[in-house]
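Notes follow the structure.
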Amino acid sequence: MRTLLIAGNWKLNPTSTEAAAALAEGVKNGLGSATDVHVALAPPFVFLTKVDQVLEGSPIGLAAQDIYWEPNGAFTGEISGPMLVDVGCTHVIIGHSERRHGMGETNAQVNAKLKAALAAKLIPIVCIGETKDERLAEKTEEVLLEQLTGSLAGLSAEEAAGVVLAYEPVWAIGTGLTATPEQAQAVHAHIRSWLSQVFGEATAARVVVQYGGSVKADNAVQLLGCPDIDGALVGGASLKAADFLAIIKAGQEVTARGKS
Ligand code: PEP
């Protein structure tokens with residue numbers, strides 16, 4: 001049985017250390033010591049140290065929003081795996097669509113970042129997903145195959161088992177549009193079947209595959225209740241502690257009643 005992972009991607013928010021600390025504090029207080037659902041927060045790099053301090057004593061994981069593939073050297077502006085570990089990170093988001101489409105990040109770069117995360121013993125959250133045009137052209141499976149093959153190239157089954165995948169249809173991110181539970185489940189089942197073909201059934205059964213794209217309190221129970229959806233990567237709704245806690249609560253409800 002996979003434990004749900006609900007992660008909050010704060011993106012380029014908030015704009016002060018004080019506000020970041022207050023948001024983390026709100027989530028920490030609301031969650032308490034519960035571990036029935038795994039939770040992680042992904043603040044901007046500059047707030048990681050402060051949020052790590054706030055989260056002390058809490059089971060909440062700390063995620064970075066990106067990583068560079070080299071550990072150190074002449075790479076102005078980049079942040080490496082050892083640096084993220086040093087400031088308390090447990091997870092790292094890799095290949096978010098805003099980086100793939102906004103900054104031109106390629107599958108080869110995602111793959112290099114994934115290997116750097118694994119080398120640093122960070123839990124990687126690798127994002128994949130099709131654009132609206134690709135879905136309308138019925139190319140979703142083709143695009144995902146290319147992203148999965150390129151992003152996870154060269155991994156052993158054991159390494160793959162420790163990767164979290166986040167299926168995030170680009171057309172659903174920050175738009176208020178959400179894949180229906182049926183649409184999302186169909187893609188998640190397809191992803192798991194690819195994992196099974198490449199890494200074996202036992203590994204595929206261990207991989208946590210999150211859904212992301214306008215997840216909110218009112219759609220979370222249905223999405224998280226799907227058999228192959230193992231959590232959520234949440235953007236907008238992670239910026240208010242109460243909204244994010246309501247999604248966590250949905251995950252706890254689904255966990256308590258068990259999946260079909
Ligand atoms: C995201 O940033 O990964 C995301 C899914 O954003 P939102 O929840 O706002 O759609």
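Counting convention: from 1, in listed order, for ligands and their atoms alike.
Using a 4.0 angstrom heavy-atom cutoff, Ser214 counts as in contact with ligand 1. Using 4.0 Å as the threshold, Ala166 has no heavy atom nearer than that to any atom of ligand 1.
In this structure, the protein non-hydrogen atom closest to atom 2 (O) of ligand 1 is Lys11 CE, 2.6 Å. Regarding atom 9 (O) of ligand 1, its nearest protein heavy-atom neighbour is Gly236 N, 2.8 Å. What sits closest to atom 3 (O) of ligand 1 on the protein, heavy atoms only, is Glu168 OE2, 2.6 Å. Ranking the protein heavy atoms by distance from atom 1 (C) of ligand 1 puts His96 NE2, 3.2 Å first. Protein heavy atom nearest atom 8 (O) of ligand 1, with residue, atom name and distance: Gly235 N, 2.8 Å.
Heavy-atom contacts of Gly213 reach the following atoms of ligand 1: 5 (C), 10 (O) (cutoff under 4.0 Å). Of all atoms in ligand 1, listed by their number and element, those nearer than 4.0 Å to a heavy atom of Leu233 are 3 (O), 5 (C). Listed by number with element, the atoms of ligand 1 under 4.0 angstrom from any heavy atom of Gly174 are 7 (P), 9 (O), 10 (O). Proximity to Ala172 (heavy-atom distance under 4.0 Å) selects the following atoms of ligand 1: 10 (O).
Separation of atoms CG (Asp66) and CD1 (Ile93) is listed at 9.5 Å; rounding is to 0.5 Å. Taking SG from Cys127 and CZ from Arg99, the interatomic distance works out to 11.0 Å, rounded to the nearest 0.5 Å.
Neither side chain, Tyr68 nor Gln109, offers a donor N or O lying under 3.5 Å from an acceptor on the other. Judged purely by distance below 3.5 Å, without hydrogens or angles, the side chains of Gln147 and Asn107 never pair a donor atom with an acceptor atom.
Looking at Gly212 next to ligand 1, no N or O pair under 3.5 Å apart turns up. When only interatomic distances are considered, the shortest N/O to N/O separation between Ala237 and ligand 1 does not fall below 3.5 Å. Of the N or O atoms in Ile173, none lie within a sub-3.5 Å distance of an N or O in ligand 1. At under 3.5 Å, not a single nitrogen or oxygen of Glu98, backbone or side chain, sits near a nitrogen or oxygen of ligand 1.
Screening Val207, Val209, Leu145 for a side-chain contact (heavy atoms from CB on, under 4.5 Å) involving Ile191 leaves a single residue, Val209.
By the rule that hydrophobic residues join a cluster once side-chain heavy atoms approach within less than 4.5 Å of another member, Leu23 and Leu62 end up as members of one cluster. The hydrophobic clustering, which links ILVMFWY residues whose side-chain heavy atoms are closer than 4.5 Å, places Val39 and Val51 together.
Between Glu56 and Lys28, none of the side-chain N atoms (NZ, or NE/NH1/NH2) sits under 4.0 Å from a carboxylate O, so this pair counts as no salt bridge.
Within a 6.0 Å radius of CD in Glu78, more than 12 heavy atoms belonging to other residues, nucleotides or ligands are found. Shown here is Glu18, whose CD atom has no more than 12 heavy atoms of other residues, nucleotides or ligands within 6.0 Å.
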